Every structure is written in structure tokens, then in C-alpha cells.
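Written out below as C-alpha cells is the structure these notes cover.
These numbers come from the heavy atoms of this one structure, side chains and all, not from hydrogens, waters or symmetry mates. It should be emphasised that the depicted structure is a prediction, and the values quoted were computed from it without experimental measurement. Convention: sequence-line order gives letters A, B, ...; per-chain numbering from 1.
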Amino acid sequence: MDVVVLFFLLGVAARLAGSDLRLPEALYEALSIYLLLAIGIKGGVELAGQPLATVGPQALAVVALGVLLPLVAFPVLRTVGRFNRYDAGALAAHYGSVSVVTFAVAVTFLAGRDLEYEPYFPVFVVLMEAPAIVVGIVLARAGEPGRRVAWGALAHEVLLGKSIVLLLGGLAIGWIAGPTGIVPVKALFSDLFKGVLAIFLLEMGLVAGGRAAEIRRYGAFLVAFGVAMPVVAAAIGIAFAAVMDLSAGGTLLLATLAASASYIAAPAALRIALPEANPGLSIAASLGVTFPFNITVGIPLYHRMAAWAGVPGGG
Amino acid sequence: MDVVVLFFLLGVAARLAGSDLRLPEALYEALSIYLLLAIGIKGGVELAGQPLATVGPQALAVVALGVLLPLVAFPVLRTVGRFNRYDAGALAAHYGSVSVVTFAVAVTFLAGRDLEYEPYFPVFVVLMEAPAIVVGIVLARAGEPGRRVAWGALAHEVLLGKSIVLLLGGLAIGWIAGPTGIVPVKALFSDLFKGVLAIFLLEMGLVAGGRAAEIRRYGAFLVAFGVAMPVVAAAIGIAFAAVMDLSAGGTLLLATLAASASYIAAPAALRIALPEANPGLSIAASLGVTFPFNITVGIPLYHRMAAWAGVPGGG
Amino acid sequence: MDVVVLFFLLGVAARLAGSDLRLPEALYEALSIYLLLAIGIKGGVELAGQPLATVGPQALAVVALGVLLPLVAFPVLRTVGRFNRYDAGALAAHYGSVSVVTFAVAVTFLAGRDLEYEPYFPVFVVLMEAPAIVVGIVLARAGEPGRRVAWGALAHEVLLGKSIVLLLGGLAIGWIAGPTGIVPVKALFSDLFKGVLAIFLLEMGLVAGGRAAEIRRYGAFLVAFGVAMPVVAAAIGIAFAAVMDLSAGGTLLLATLAASASYIAAPAALRIALPEANPGLSIAASLGVTFPFNITVGIPLYHRMAAWAGVPGGG
Amino acid sequence: MQTHAKKLLVVITEAALEKLLVRDLRRLGAHGYTVCDVRGGGERGERAADWEADRSIRVEVVGDEAVVAALVEHILATYCANYAVSMYVTDCGVMRPHKF
Amino acid sequence: MQTHAKKLLVVITEAALEKLLVRDLRRLGAHGYTVCDVRGGGERGERAADWEADRSIRVEVVGDEAVVAALVEHILATYCANYAVSMYVTDCGVMRPHKF
Amino acid sequence: MQTHAKKLLVVITEAALEKLLVRDLRRLGAHGYTVCDVRGGGERGERAADWEADRSIRVEVVGDEAVVAALVEHILATYCANYAVSMYVTDCGVMRPHKF
Ligand SMILES: Nc1ncnc2c1ncn2[C@@H]1O[C@H](COP(=O)(O)O)[C@@H](O)[C@H]1O
Ligand SMILES: Nc1ncnc2c1ncn2[C@@H]1O[C@H](COP(=O)(O)O)[C@@H](O)[C@H]1O
Ligand SMILES: Nc1ncnc2c1ncn2[C@@H]1O[C@H](COP(=O)(O)O)[C@@H](O)[C@H]1O
Ligand code: NA
Ligand code: NA
Ligand code: NA
């Protein structure tokens, strides 16, 4: 198990044991700003000299994946899960969107195994943030023709939110500075990346551990969905990756993005755009079930699944 | 003088000169979390491959040392210091427990002199946190058979407090990850350690400097106790080290742990378990007198004392 | 363009686009403490072995420059700008004092071009903080013989404020520790410097971008002053540098110090000592106009100006 | 000490509403407001502020009874169904009545 | 604006008591509470919040007079002897009386 | 619940005044005070706390009417002309009257 995952488990264990340990809010904020910038910068530096002809069609496929996933999740949530339209739409939005930290753990997983991936992947992270949120809201609001969605406010919330601004900003900085221009800030943004990720995961563990009671309250379906949905999504992601002709590493990353559920951008956007949905439900599922599942069991599993599916160089 | 100590002196000087400089609370919190984790991790990595047969008996001796020190301090505080039972018990608890930052400064002292020590020492730090707190409370409450101590709440406060959770958690992470597994997070937890310690010491200097008025109010006995107690404790620590057959570096570390007074775990625990004690008193002594004494004069002195006592390779 | 400046532009762009991105206040505080300490330490380490005979007269010249600049600015602000005496005095004080972050960007600029400078320059930064603030207050109060300035409180505010305490403290630590003693904390204070500066500039960009509306309100003169004053000041600084016989790098640094406007020490001091002045005005000019101008256009321009003036090795 | 009677409205709610509330209260005639970060618990469970979605704010508005009444009305109608909101009103006195 | 009379209790005390107070007030019938980090000074000296043991909190509870009275009683009896505690009570009006 | 009538003064102002205000209120007879970091907006524009000079504090003082009146007087005379200051006063009841 990668060392960064151990920090997550420490957080979960401390919280379940009843410890009051907490990281200051400002530290959490600072670390998340750092991680988003660092991921963006890394992608941006490598973006220089990439053939845009390849990236363009792949980008479209990635957006399509973001649109498809909530369409898969919503009917299951409505019929099997018996959720009302708002909660079903909100959950679908969370699961179609992505978790940047899960992505970072997958990148660390690849680095530990010397597997290559398309360096412009952070662009895909940006592209997959928003579409599922829009689809989830449309699905929830579909039965209410009277209600109009404040799309302007929503676009503002999502496109100018922390995640996209910092990822895109990092991409731009990396791209403009290039491999030599970036050198002065490498000691901070590159060498320390995994250590910072580790501390962030400790905090995530504390928060996830604190959701235990809530998860128990919401019941077995939510847990089942929180485990099954990512596996199904990963399979769909692997299929997309095959069509997009991604490398073995890229296949794992796309599977992970598909499998991951948002817990930063989506909650913030939906609280404003879909206030009828119970925010505790989505967070319990995405942060309390799916996130831990993905970083401990999921990522290695998707790596295997890619191999079974015949991706060369896969696990 | 080690460079990290200069940061402490800067903090004291700034505060005594009347500067309002303060580090944000969140930074203080973040740095202390980092230091505890980093110390734990370092110990954990080296724990792999240690013969438990040696560590076991040594661990018992360390707990015994933690029990003995408050028993030495309490009667002095009651008779010479004329403190009431609560304040005497609280002070005894603080001085029997340990200061992790003082320990870190002693480790830095050893590193600057290329002296080796038993790598599993962070385990001893964990073991010495709690016993003296329990003994101090028992001593204070001994004359009040009617009052029962909420031992459950106390155990929760101490064992699940920040210090022990992060030290133990770091030990576990380091131990599981091992020397190769830890590499990805070394740039953060190892290379930056002394720089972070330096900034933390700056903050400690500011806080210690801010206690000057209080120390003056509590009078000469408190200052005398704050200087004499650590020296006596260090001597006892050196005797224990000899029995435990510790290396020269380990002897200094045990002397320093004995000499150091807690200002994180003990104050938090005692505020709940012994509310009759004046918390300003213990903090003024441990943070305002003993901590500065230890990191400037004490550690080099204990190094000498070990040499006088015939520890091979000592100062 | 240096990579750190890109972070500033990202901040400005994000804010102008309407993003709510903000760095936690504690992070801003922590970074500014770090930068001041690191700049001081670097200067202090190199101070060892400098001939004080050279530094002494240069130091006097630097103080004279700090006194002169507000005397140049004040009449222009009163007559052309038609500001009342308080606002004119406050603006003059800001522009005569210095911006440590602008200085840091200029140092980064030199490093990128392998240009040498007098290593004791941080001493000059300290020396230029205060004089202009005093002169600006005297100018504003000159017409009110009835009002007495609380010089004691002012001295306390400026001399014991964050900037001077940390710069001087860093200088002292670097000087005492020397090149070898400082090694343990180098990984933090030296290797990470530019990365930390980058994040600080991101925050500065967010704040500067947030001043856009205010700048528009205060009108064209303020913008013109915010651009012209630094250029004039830089020219004066270059003249001083020639007299002081500074190196090419030192000439750029002195020009930059002259051109830079304070936005930490001066606002804090003037709010207490000159409360009649509108603090929004000075901040809009120094942070919203002059700071962005200096780090993007100004520093390269002053480098050219030095070359035109015949400084050997200039741009 | 001569004071002028005003009303103080305190609203404790989710941090996500800060921007919306400030816009609303300006529109409904409040001359100012003060916000503070808090944590707490109520009907809708604990809001421990340990996660972005769990942060709460406490908004304080001093104003004329009519302005405060309009604000209360608006908040009840707009936010109380779907958000964690607590509100209370007290009497207060101010020195410079034009300010509020 | 129709309001229902309640009492607001404000307790300013050491941060170490937060968990205990929250447990107590739930037990004594309060429907909710709000906590905010503060600093200050009083009888027991300055509490500048520059050190863990020096942090203070401000706890706000809106409730029926009986609940608030019970809480006040309990705090006076349990904490006031040994901890820095300040308390005051004011009248307040709420819109949804069942909530408090 | 037997309470003794006191006055609560709340002052919301620039963070730069904290030290001065604390000194003043001690001098004018207040037995204590509580400070909290806030943000807000009023006559003098938004104070978003995103920059050092933009930080605001909320100071709370419980005291006798005379002390509060003296404090109000002093603040009006000393700070209101040049600083962003909002103030209000409410009635409150305390349990231990000697404390305030
Ligand atoms: N009785 C109360 N007294 C003080 N604050 C309360 C009370 N009830 C709720 N709150 C605050 O209002 C927030 C939302 O309340 P609720 O909608 O009841 O969950 C809570 O998180 C508390 O911070
Ligand atoms: N008169 C007062 N007005 C406002 N807050 C007070 C007052 N007295 C005490 N406090 C607050 O209550 C805390 C504890 O008070 P004390 O027990 O008097 O030291 C102080 O640190 C202040 O934050
Ligand atoms: N009507 C109001 N209600 C609550 N707080 C206010 C009000 N007006 C002003 N404030 C606060 O007082 C500060 C200074 O107000 P002002 O002097 O009006 O700019 C503002 O930044 C707010 O935090
Ligand atoms: Na997904
Ligand atoms: Na000890
Ligand atoms: Na200048």
C-alpha cells in the first residue's frame, strides 16, 4: 500500500477511536490550494509540445464520459435506491464529476510502478468537473418545468470555483513557463507533492471517519452504491480509454476519474443550484464510502480490470 | 548554539521588546502536527528490524521513570514551595511528563555532533507522556477520598490527544512503510524538519517571552524550581540510562526527556481532570522557565553530566 | 517573464473574472513571516566578513533616499493631485517606504540573469522602511501646530512591527549562525523561497485584482501617479547607486526599493498616526497600481535605465 | 447616554449563503452587516465546521424594525425550507441613528 | 414581524470546556447552540488566545426561559469556581418558536 | 433565574484599534471584554478581511450603564470621525453582578 494511503487510514482510525484531532481549517484550505496548483503546473509543463490534434478528440470523449455517468447513475438511484429526484440528481452529479485527490493518489500509484501516462491528463480533470453537475441538475429539475435553474450563478460557482481556477491556472503557468522556466518553483511544487498529499489525506481520513454514524443512518443501499458505482464507472472509463487509445497509465487514470466522486466542486455548486437535495447524503457517500474505497481497493482493482480488458502494460 | 535555538531567542527578544508579532494560531497548530508526525515517522522507519527483546525492558524502565519524577517533585512543591495540593500535583505532572519539542532540539543537538542514539526513542516519548499525569492527579486527589477522578475522560484526553495519536500514528506509518516505502514523503518530513522546528521555536519564544510578567508575579521559588527540577531529573534520567545500557546519544535523550516539562498534553489533561489547579502557574514554569533553560543551557549541560557520569562518548 | 510573476497574474485574472478564490488569512500571514525571515537570513549569512567601513556610508545614503522620496512626492500630490494634506502625506509615506515582496521579485530577476549584488542589501530594506513614514507624517501635520504626533506609539508600531522585527531577526540569525551554522534550515528557508514567493504573489494578485473598482473610483491621476512616481523614484535610486558605487545588481535593487511602495508597514503605522488619511487611497495606489507595474514592467525597465545610465553589466 | 431604538437581527446559517444573504440585505435596505465564522448544532444536526460544506456563519444586522422585518420575511420564504437557518431578533439602541 | 419571546444565553469561557458544555446543554434541553472562537480579558486576566490553554469560546444558546435557567444554574454550580466563565442573558424574539 | 441588569455594548471596528480600545475600556472602568474577528460592510464600504488593513473586530463589553456610557462617549469623540465604527447597546442580565 502506498505510504500516502497510510496517512488516510491513520485519520480514519484516529476518528473512529474517538480522537478529537483536527487539522486547522486554514491548513486544509492551504493544502488543497497547493495540490490543485501543483497538479495543474505539472500537466502544463508537459503540455508544451503536445500534438493538439490528438488531445482535441480525446477531450470530447472525456466530456461525453462526464455526461454519460450521471445518466447511468440516476435511474438506479431513483428506482433501486428510491431516492427523491433531488437526492438522486445530486448523487448522480457527484459521481459523474471527479475527485482531484483520488486522481493524485492514482498518479502516485503509477509513479510507484514506473507506468507512463498522457502528461496532459490534468486537462481531462478540468473537463470532467462540470458536465456531470449540469446533467445531475437537469435530471433533478426535469419534472418541474416551472422552476428555472439559475444557470448563470451555477456557471459562476463551478467555472470560477477553486478547483477549476487553480487547475487551469496551474496548467497555464506550467505551459507558459515550460520545463526550464518552472525550475525555480520545483522544490515546492514538485518535490514536496507527495508529502503534502499525505497530510491532506490524513485530514480526509479524519473527515471520512467522522461520517461513520451518518453512513450507518443512511443504510446499506448507500454503501452498496458507493462501492458498486465506482466499479461500474471504472469499467466504462476503461472502455472509453480503449476507444481513445490511451496508454496503460492513462487508462488507469481515466478509470479512476470515472470512478471517483466529487466532494469539493459538486457539493458547493449543488448547495446553491439544488438546495432541496440533502447535502449530507452525497457527502456521506462520496467522502465516507467511495473515496476510501477508491484509494485503498479501487485503484489497484481498476489496474487489474484494465489488464483483464487487455490493455498492454496493465497490472 | 544550534541555529534553531536562535529562532527561540528571537521570539523571546521580540516579545520582551514589546513587539506584537504573532504567528497565526493555525500555523502553530500545523507546525505542531507536522513535528509530531515527523518525529514518529522517523522512529517508526528505524523500528523495523529492532530486537523487541531489548526494547521491552527498556520501555518498562522509561514508564518507571515517568512515575518516579512526579513523586520526587510533589513533596518539594508542597513543603518548600508551599503550594496547595492541586498546584503541586499539577506541577509534578507537567515535570514528569515530556516536551516533544525539547526532545527534537536534543535530537538536533546530537545530529550536529554526529552522535548515535537508539532509533526507537520516539516510542519512549510516547510512553513518558501519560504516567506522570496520572501520578500527579492521584497525588493531588489523595487527601480527598470523596472526590472521584473521571479516569475514563482522562484516558480519552491523554491517549487520544494530539501528541500520542500523531506520534503513535507516525511510528506506525514509518514502521509499515519502512525505509523504501517512506521515500516519497521524505522531502517533506525529513529534509524540512529542522526548518519547521526553527519556526515553531520562534513561536515558542514569543509565547515564553509573553510569560515574563507572570513569572515575576509567581516569584523566585517557581524560577528556582523550574531550573533545579530539570537538572535533578536529568541526573535521574542519566542513572536510568546507565541501568538501561543506552548509548551516549540515548543517555542525553533520556536525560532531556526527564528534564523536560510538558506544555501540550499535560495542560490539556489537567484542565479537565484537576480544574482546581491554576493553569497559569504550570505553564509559566514549564514554558517560561524550564523550556528556555533546557534548550539553551540544559541540553549541553546534561551532555556534560553524562560524561562526568562516565558514559562513553559523552560530551 | 519570471514564473513567480505568472502567479501574480493568475491571481489578478481570477479576481477580475469574478472568482471568489481566496487564500486563508493564516496562510497569507504565514507566508509573509516566512518571506521576511528568509530574506533577512540570506542577507545575514553573507554579512559575515563584510567590511563595515563600506556599508556605513552606504547605509546613510539609503536613509537619505528614504527621506528624499516623500519630499519629492508630497508637493506633486498636493498641487497636481489636489489631495488634502493627510492623503498627500500618507501617499508620500507609502511611496518613500519599501515593498519587501517587490524586492524579492527583483532578487529573483537577478538570479535568473546571474547578476551579482551586494549581499547585505536586506540591511538597506530595513533602513528604508521607516524614514519615509516619519517624513510623510511630518509633512501632513506641518500645518497643524496644535496637533502633536504620538511619536512613541509610532516608533513602537514601525520599529517593532512584523517587517522590521523579522528582517532584523533574520539578519541576526544568519549573521550569528554563518554559512555552516545555517545549513540545517536551508532546505526550508532557501530551497523553497521562490515557490513560497509564488504563492504569496498569487494572493497579492487576488488582492490587487480586487482593488480594480476602487482604482476606477479614485480616477486617472492616481493611476498616473502610481506609474510615474516609481519610474522617477527608480531614476533617483540609480543616481544614488552611482554615488554609492553599487554593483549592477545592487543598482537595480536600489532602484526597485526606491520605486516600490509599502503596503504592510506603512498602512499599519499610518492608520494609527495619521487616521485622517483615507487608507483605501494609498492601498489602491500602492497595491493596485504600483506593485503590479513594478513586478511586470518596472523591474525590467529599471534594469534598462541603469544600463542607459552607464552602469557596467546592466541590462 | 441617549440611544435610538433599533432592532438587531442575528442569522446563523450555512456559509454557502453568505454571498446571497449580503446581496439580499443590501437590496432590502440594510445599511450594513457583520459576519463571523461559527460552528454549532441544531435541528439539522451538528455543523462542526470540519469540512467545507459544514461551515456556518453568524450574520448580524442592525436596522429599523421595518428593514429587519422585511429581511426576516425574505429569509423565511427563501432559505428556511432547504437550509440550516436560525434567526432571532433583539432590541438595541444606537447612538447615530442615521447610520443604521 | 411577529416574534415569540425566548431567552438568549451567552457564555464566554475557556475552549477546554467546549465539549463538556455542548454535552450539558443538549442534556438540559437546549435545541441548539452556536460557538465562536474569541479572545478577551476579565477577572482571571488576559486570555490572548496565543497559546492552546489560552483560547476562549463564546457559546450562544437560544431557548425557553426554563431551559436557560437550568443551564445557568448548572454552569454556576459546575464550572464557575474553577474556570474563567462570563455569562449574560438577554431577551430575544424568534419566528419559529418550536425550533428553540 | 435571578439576574442583575447590566448593559452590553458591542463595537464593530477596524482591527487596528484593538489595542487602543482595550486600553481605553480598562481605563474607563470595564471589568472585561471579549473580541472576535469579523468581516462586514457599512457606510465606509466593504471590509472583506482579505487584507491586513481590511480586518475588523467585534468587541463586546458587559458593564454598568455608567461605564458603558463613558465608553460610548469616548469612542464617539475619539474614533468615529476617522475610523469605521459601528456601536450598539442592549440590556442584559448577569448572575454575578460584582464581576461586571
Ligand atoms: N437554540 C439555538 N441556539 C443557538 N444557536 C442555534 C440554536 N439552534 C440552532 N442554532 C444554530 O443555527 C444553526 C442551524 O440550525 P438548525 O437549522 O436548527 O440546524 C446551527 O448549526 C447552530 O449553529
Ligand atoms: N465585562 C465583560 N464583558 C465582556 N466579556 C467579558 C467581561 N468579563 C469577562 N469577559 C470574558 O469572559 C472571559 C472570562 O472572564 P473572567 O472569568 O472574568 O476572567 C474573559 O476572558 C472575557 O473574554
Ligand atoms: N447596520 C449594520 N449592522 C451590522 N453591522 C454593521 C452595520 N453597519 C456597519 N456594520 C459593521 O461595522 C463596520 C463599520 O461600519 P461603517 O463605519 O458603517 O463602515 C462594518 O464593516 C460592519 O462590519
Ligand atoms: Na466520477
Ligand atoms: Na520530564
Ligand atoms: Na519606495
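In terms of heavy-atom pairs under 4.5 Å with chain B, the best-connected choice from A:V4, A:L192, A:V196 is A:L192.
With a 4.5 angstrom heavy-atom cutoff, B:L168 does not touch chain A via any of its atoms. Using a 4.5 Å cut-off between heavy atoms, B:I33 contacts chain A through its side chain alone, with no backbone atom that close. Of the two parts of A:F193, neither the backbone nor the side chain holds a non-hydrogen atom closer than 4.5 Å to a non-hydrogen atom of chain B. With a 4.5 Å cut-off on non-hydrogen atoms, A:L9 does not touch chain B at all. Contacts of B:L166 with chain A are made by side-chain atoms alone, with heavy-atom separations under 4.5 Å and no backbone atom involved. For A:L202, the part lying under 4.5 angstrom from a heavy atom of chain B is the side chain only. In this structure, the portion of A:A198 lying under 4.5 Å from any heavy atom of chain B is its side chain and not its backbone.
Sorted by first then second residue, the salt bridge (charged side-chain N to carboxylate O under 4.0 Å, His left out) pairs that include residues 286-298 of chain A, not counting sequence neighbours, number zero.
With sequence neighbours excluded, the residues that form a side-chain contact (heavy atoms from CB on, under 4.5 Å) with A:V289 are A:I215, A:V223, A:V227. Under the side-chain contact (heavy atoms from CB on, under 4.5 Å) criterion, A:V45 pairs with A:I41, A:P179, A:I182, sequence neighbours left out.
Scanning both residues, A:V3 and B:A177, for their nearest heavy atoms gives CG2-CB, 3.9 Å. Shown here for B:A26 and A:A26, the closest heavy-atom pair between the two residues is CB-CB, 3.8 Å. For the residue pair B:A30 and A:L27, the shortest heavy atom distance occurs at CB-CD2, 3.8 Å.
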Present all donor-acceptor pairs from chain B to chain A with distances below 3.5 Å, rounded to 0.1 Å.
{"from": "B:H156", "atom 1": "NE2", "to": "A:G18", "atom 2": "O", "distance (Å)": "2.9"}
{"from": "B:L160", "atom 1": "O", "to": "A:S19", "atom 2": "OG", "distance (Å)": "2.8"}

Practice prompt. Please lay out, stage by stage, how A:L10 and B:L37 fare under the test side chain to side chain contact (heavy atoms under 4.5 Å, CB included).
Written response: CA-CA 11 Å; A:L10 170 58; B:L37 268 178; 4.1 Å; yes
